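Single-structure report; data block below.
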Amino acid sequence: MTEPGRESEDEVRRLLEALCSLRTPEEARALLADLCTPREVEDLSQRLEVARLLSAGTSYVDVSHATGASSTTVSRVSKCLNGEAGGYRMVLARLGE
């Protein structure tokens, strides 16, 4: 019998390895199309754009107007952008943003 939560950890690890295996934007698009609904992909794209704009110094209000994101979403993305994990910062730096 597996430990509680262990199966979930294994599944998350498998997903992370799958993401790391992607080589092109087309491959990433194909996987996202299989994993997510079109709305979920739009939401993820919107959050990255919010992070990009916030990182560039755009105000919360202007970010919300430009992206259509709610003030709650802008605030959450800002918290993550400035948080410990650093995922947004890392990706934006790699994209040259």
Side-chain angles (χ1 to χ4, degrees):
M1 187 148 189
T2 59
E3 296 175 39
R6 181 68 189 161
E7 187 173 298
S8 177
E9 288 178 33
D10 291 344
E11 290 170 358
V12 169
R13 180 73 179 174
R14 197 169 299 113
L15 173 62
L16 297 173
E17 289 173 355
L19 292 171
C20 289
S21 77
L22 299 172
R23 295 189 179 123
T24 66
E26 292 76 20
E27 290 179 357
R29 182 184 295 271
L31 181 60
L32 284 175
D34 288 347
L35 288 174
C36 302
T37 66
R39 179 65 196 172
E40 290 168 333
V41 173
E42 288 175 22
D43 289 346
L44 293 171
S45 300
Q46 181 188 62
R47 290 179 196 144
L48 184 58
E49 180 63 6
V50 167
R52 186 186 72 78
L53 291 171
L54 288 172
S55 181
T58 308
S59 74
Y60 278 36
V61 172
D62 289 344
V63 169
S64 183
H65 288 317
T67 63
S70 70
S71 59
T72 302
T73 296
V74 174
S75 179
R76 285 181 184 156
V77 170
S78 178
K79 184 177 179 179
C80 292
L81 184 61
N82 297 301
E84 284 185 29
Y88 282 126
R89 291 188 307 275
M90 175 182 52
V91 167
L92 291 172
R94 289 182 182 174
L95 293 174
E97 300 292 336

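Only a predicted model underlies this, so the values are computations on that prediction, with no experimental measurement involved.
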Test: salt bridge (Lys or Arg N to Asp or Glu O under 4.0 Å). Region: residues 87-97. Which pairs qualify, not counting sequence neighbours?
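For residues 87-97, and leaving out neighbouring residues, the salt bridge (Lys or Arg N to Asp or Glu O under 4.0 Å) pairs sorted by first residue read Arg52-Glu97.
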
Salt bridge (Lys or Arg N to Asp or Glu O under 4.0 Å) contacts touching residues 31-42 (sequence neighbours left out)
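Every salt bridge (Lys or Arg N to Asp or Glu O under 4.0 Å) pair that includes a residue of residues 31-42, provided the two are not neighbours, is Arg39-Glu42, Arg39-Asp43.
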
Does any non-hydrogen side-chain atom of [Y] lie less than 4.5 Å from one of [X]?
{"X": "Asp62", "Y": "Leu53", "answer": "no"}
{"X": "Ser55", "Y": "Tyr88", "answer": "no"}
{"X": "Val77", "Y": "Val63", "answer": "no"}
{"X": "Leu35", "Y": "Leu15", "answer": "yes"}

For [X] and [Y], which heavy atoms make the closest approach, and how far apart are they?
{"X": "Thr67", "Y": "Glu49", "answer": "CG2-CG, 3.8 Å"}
{"X": "Arg47", "Y": "Thr73", "answer": "CG-CG2, 4.3 Å"}
{"X": "Ala51", "Y": "Leu81", "answer": "O-CD2, 3.8 Å"}

Check ion pair Arg13-Glu17 (N to O, under 4.0 angstrom):
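Here Arg13 pairs with Glu17 in a salt bridge, since their nearest N and O are under 4.0 Å apart.
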
side-chain hydrogen bond (donor to acceptor under 3.5 Å, both in side chains) with Ser21: which residues, sequence neighbours excluded?
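By the side-chain hydrogen bond (donor to acceptor under 3.5 Å, both in side chains) rule, Ser21 matches no residue at all.
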
Any donor-acceptor pair under 3.5 Å from Ser64 side chain to Ala69 backbone:
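Checking the backbone N and O of Ala69 against the side chain of Ser64, a donor-acceptor pair under 3.5 Å is found.
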
Applying a strict under-4.5 Å side-chain criterion to I, L, V, M, F, W and Y, I'd like to know whether Leu48 and Met90 cluster together.
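No: no chain of side-chain contacts under 4.5 Å links Leu48 to Met90.
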
